[in-house]
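Starting off with a structure, shown below.
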Amino acid sequence: MTPSLPCPPPSPPSPSSGANTNSTTPATPSSNNTNKSNNSKRDEKLKGQKRKQRQEKILRRAIPILLTVPWFLGLIWTALHPLVSVITGELKCRGQYIDENGLDVHRHRVESYPLERAVLLPKKLRRKGEDEFTGMCDAIYSTRLPTISPSIECLHHEVTETIAFDVVRILPSMGPIIESAEAVVLVVGEDHHNGTPSSSQGNNKDSSKNKRGDWYERSDINASILHLIKKLGNKKDCPWLTKTVFIVSPSAKITATTTTEESTGNRTSSSSSIQDDKITSPPHLGSIVDAFIASYLGGNDSSVRPLPPDFTFPMIRSLLVLSDNVINVETTNNHRSSTTDVRILPQGMGGTLPNLDLVFATFLSLKSYPAGDTFNRAQSIYYGDSEVSSHPFVTGGGMLEERVGRVLAKVGDIMGLKGSSVEQYAKDLVGLFGFVAALVIGPRQPHASALNHGIDALTIELRIPNNAQPDTSSSSSSIHPHYADVTRSIEHLLHSISNLHERLHHSIAQYIMPSPSKFISHGEYIYPAILVCVPMIVRAASLALKDLKRFQFLYVGVVVGSVGVATFVVGLWASIIGTNDGRWKAEGGECCSEWISYIVFFVSYLLVVLAARQADTNKQTKQQTQSNNSNECRRGSLRFIACLLGIYLHAPLLLANYSLGFPSSAFWAPLLATLVLPSSLQMVVSRNKVFWIVTLVGKGLFLVATSPPVLLVPRIFPMYTPYVLCVYTPLHLLLAALWLA
């Protein structure tokens with residue numbers, strides 16, 4: 001065996017191999033830190049990319065939810081207002097609003113009013129003639145009031161050539177030492193339905209004779225009001241009166257036809273016959289309130305005759321309109337026409353409302369019991385055969401509530417709700433929609449002008465059938481118990497608001513009412529209103545922060561400018577219509593003006609669509625032409641402006657007039673923000689001619705059906721209001737540019 005030789009030692013490195021010596025040396029600490037920092041940066045970058053991808057994925061899923069769920073949640077929340085109060089945390093709507101007036105309502109009672117008319121003493125009734133038309137002043141100065149209090153003064157005032165009224169001023173007989181600085185106004189009048197005036201005492205009176213007859217005999221409400229005047233002027237009956245009370249009643253004007261005769265060449269004196277007199281019907285109560293406010297406050301209108309200065313010293317704080325709408329049962333087919341209908345109507349123009357305490361003080365006064373130990377429920381205006389509501393619409397004698405109740409009853413059976421609660425919810429839901437609709441579309445209530453002058457006012461509308469009266473005879477001297485009881489309630493209300501100085505008084509003036517005993521405050525209904533507007537906010541934010549790559553200022557400027565010009569043209573035509581509408585109707589040109597409105601709107605829409613399409617087809621730069629997203633950027637820029645305009649137009653509207661702002665925002669939010677096709681689906685529709693034609697025709701029909709002259713004026717609004725011109729028309733024009741460009 002050959003022995004193994006040992007390995008020779010390694011030779012030292014040569015100079016030529018010195019360049020490779022560093023590759024075999026161990027890494028230094030600085031190089032390790034550099035590698036770790038590079039790796040951490042790569043990891044952070046990857047994590048950031050993954051985080052961004054997750055955020056984009058969440059946004060893609062969240063945006064469709066935010067565009068739909070809040071809108072439906074706002075509608076559901078609004079429909080549940082009569083059932084749930086989130087502010088109070090209770091499964092019921094908020095009840096009566098209590099303040100100084102509400103606390104004072106329960107402290108006193110008023111005696112029942114007489115159910116028989118006063119008998120005339122054997123004195124002359126009328127000073128002008130036995131068969132001549134008489135007003136409230138003639139009835140006051142007649143012998144039905146044996147002793148007239150010095151605190152009662154009546155004045156016949158002719159405001160214009162066609163409007164006149166009688167006004168009674170009742171000063172506090174035992175008030176403070178200083179003169180009363182505040183006043184309450186009560187306007188009383190009649191409004192006959194079915195076109196045939198009928199006496200409220202029965203059918204045994206001739207209508208023409210009743211029209212010329214005594215003011216006291218002509219109506220049960222007039223007879224009860226005369227008893228109220230007598231009590232308010234007596235310091236023993238009403239020592240609590242601290243405010244001046246004005247009672248206003250319409251007065252018909254008499255135009256006497258005179259005949260002249262010539263005898264032996266000389267003209268004789270003119271003579272008039274009462275049979276030839278022409279008595280004009282009293283004007284509408286709204287005109288009476290307007291005329292009284294104008295003559296009381298004065299102004300620059302020379303055609304209005306002002307009241308005497310001593311009548312206009314107190315400041316009017318409250319105004320009540322008592323409207324008697326006589327129902328002729330014989331000509332009414334409604335199976336519930338025998339039921340008395342009482343409506344407490346606070347709605348004014350433009351969403352204005354009186355202080356809520358006045359509404360509930362009126363309701364509690366109607367609900368109050370008369371003084372004494374005996375009480376007949378059939379004679380009560382509230383506890384008898386009566387229906388009390390807070391909106392002016394006729395729901396078919398309860399048929400609408402019944403239909404809504406039947407639908408909700410099926411849902412209630414599934415949810416295990418009781419039938420009585422479902423019926424009450426259906427009634428309150430219809431009342432809520434009626435209250436909101438009355439604020440938006442009217443009809444205009446008589447007290448509306450008082451609200452415009454900052455006076456708390458409301459209308460009490462009575463619909464008492466003229467059939468057999470409960471527990472009374474049908475003689476001409478009897479008074480319907482419901483008229484007597486409502487006048488007692490008016491005295492109860494005057495007692496309640498007479499002890500409060502209104503200068504420092506504050507209450508709630510933004511609310512909606514499902515019924516006269518419930519209300520929903522501004523702090524409650526504003527949350528679902530915000531939810532309904534969320535889709536427009538989300539769409540504008542997503543376009544500005546994510547989807548919109550480049551804002552097309554020139555394109556948006558051209559389209560918005562054309563919208564402004566078209567809106568101005570529409571507003572100019574609306575002013576022409578408002579100025580000449582009466583003359584055109586008199587000349588039979590109403591149909592012609594309607595067709596001209598269609599033409600004006602068609603030309604305006606054509607201008608906007610052509611401007612949008614022309615700006616869309618203009619020559620672009622080479623870089624924009626090569627981009628496939630140029631059309632999407634222009635469409636997204638215009639939609640961003642439309643959503644932004646919808647937000648800024650509806651925000652003040654919701655705060656000032658919720659009844660108009662909520663339906664408008666609920667209508668425009670899905671059209672501007674939710675109903676938007678994705679870009680991929682838009683490409684599919686544009687490539688398929690059939691789908692493109694169908695969608696284009698559908699969009700065109702919808703735009704025509706929802707255009708202002710077709711949908712709004714005059715079907716919903718009687719004229720082109722600021723909402724139609726400044727909110728609805730610009731948004732509708734922008735929608736047409738989005739859909740048809």
Side-chain angles (χ1 to χ4, degrees), residues 109-120 134-140 142 144-145 149 152 154 166-168 170 184-191 198-202 205 210 213-234 237-238 241 245-250 282 285 320-327 340-342 362 365-366 368-372 376 378-384 386 459-466 469-495:
R109 290 188 179 183
V110 178
E111 295 181 355
S112 300
Y113 272 55
L115 302 180
E116 293 290 334
R117 282 176 168 77
V119 180
L120 282 173
T134 57
M136 181 173 59
C137 292
D138 296 310
I140 289 175
S142 67
R144 288 191 175 88
L145 297 180
S149 173
I152 299 177
C154 189
D166 292 349
V167 54
V168 179
I170 306 174
V184 180
V185 180
L186 176 63
V187 181
V188 184
E190 295 176 311
D191 185 15
S198 58
S199 174
S200 60
Q201 294 85 26
K205 294 185 121 186
N210 190 34
D214 182 47
W215 180 87
Y216 181 80
E217 296 284 349
R218 189 168 62 254
S219 171
D220 286 352
I221 190 65
N222 292 346
S224 297
I225 289 297
L226 188 61
H227 296 167
L228 173 65
I229 295 172
K230 179 181 178 182
K231 289 190 66 176
L232 293 178
N234 192 336
D237 294 333
C238 299
L241 187 62
V245 178
F246 291 99
I247 299 179
V248 183
S249 176
L285 286 181
L320 306 172
V321 179
L322 191 59
S323 176
D324 180 20
N325 294 264
V326 181
I327 300 176
T340 296
D341 192 2
V342 182
T362 304
S365 298
L366 294 173
S368 63
Y369 293 94
N376 190 343
Q379 297 180 358
S380 173
I381 191 67
Y382 180 81
Y383 297 98
S386 305
T459 297
I460 305 174
E461 188 176 286
L462 304 175
R463 296 173 181 265
I464 301 177
N466 61 354
Q469 306 167 6
D471 300 335
T472 59
S473 61
S474 59
S475 61
S476 60
S477 62
S478 62
I479 300 176
H480 198 290
H482 289 178
Y483 285 110
D485 192 65
V486 75
T487 310
R488 177 198 62 81
S489 302
I490 294 296
E491 181 186 347
H492 191 280
L493 176 61
L494 293 176
H495 191 175

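Counting from 1, the numbers follow the sequence of the chain as shown.
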Has the side chain of T459 got a donor or acceptor atom that lies under 3.5 Å from a matching backbone atom of E461? no
Test your reading of the model: is there a side-chain donor-acceptor pair from R463 to the backbone of V342, 3.5 Å cut-off? no
Please give me the minimum heavy-atom distance between D324 and S219, naming the atom from each residue. OD2-OG, 3.8 Å
Of the non-hydrogen atoms in S112 and P370, which two are nearest, and what is the gap between them? OG-CB, 3.3 Å
Non-hydrogen side-chain atoms of P250 and L285 separated by less than 4.5 Å: yes
At their closest point, which heavy atom of E111 faces which heavy atom of K231, and how far apart are they? O-NZ, 4.5 Å
How many angstroms lie between atom OG of S368 and atom CD1 of I381, to the nearest 0.5 angstrom? 11.5 Å
Side chain to side chain contact (heavy atoms under 4.5 Å, CB included) evaluation trace for L322 with Y483: CA-CA 11 Å; L322 191 59; Y483 285 110; over 6 Å; no
Measuring from L226:CG to R117:CZ, what's the distance to the nearest 0.5 Å? 10.5 Å
Hey, mind stepping through C238 and E491 against side chain to side chain contact (heavy atoms under 4.5 Å, CB included) and telling me if it holds? CA-CA 9 Å; C238 299; E491 181 186 347; 3.9 Å; yes
Contacts of type side chain to side chain donor-acceptor pair (under 3.5 Å), residue S323, not counting sequence neighbours: N325
About how many Å separate CG of D138 and CG of D166, when rounded to the nearest 0.5 Å? 7.0 Å
If you take all heavy atoms of A484 and L115, which pair is closest and at what distance? CB-CD2, 3.7 Å
Partner residues of S386 under the side-chain contact (heavy atoms from CB on, under 4.5 Å) criterion, sequence neighbours left out: T340, H482
Output, in order, the C-alpha distance, side-chain angles, deciding distance and verdict of side chain to side chain contact (heavy atoms under 4.5 Å, CB included) for V185 and V167. CA-CA 10 Å; V185 180; V167 54; over 6 Å; no
At what distance, to the nearest 0.5 angstrom, does NE2 of H492 lie from OG1 of T362? 11.5 Å
Sort out for me which residue in I490, V168, V188 forms a side chain to side chain contact (heavy atoms under 4.5 Å, CB included) with I225. V188
Walk me through it: do N222 and M136 pass the test side chain to side chain contact (heavy atoms under 4.5 Å, CB included)? CA-CA 8 Å; N222 292 346; M136 181 173 59; over 6 Å; no
Value for OH (Y216) from NE2 (H227), rounded to nearest 0.5 Å, stands at 3.0 Å
Matching residue for L186 among L320, V321, I170 - test: side chain to side chain contact (heavy atoms under 4.5 Å, CB included): L320
Looking at residues at least two apart in the chain, or sitting in another chain, which of them share a side-chain contact (heavy atoms from CB on, under 4.5 Å) with Y369? R109, F375, Y383
OG on S224 to CD1 on I229, rounded to 0.5 Å: 11.0 Å
How close do W215 and A139 get, heavy atom to heavy atom, and via which atoms? CE3-CB, 3.7 Å
Could you tell me whether a side-chain N or O of D220 sits under 3.5 Å from a main-chain N or O of H480, the two making a donor and an acceptor? yes
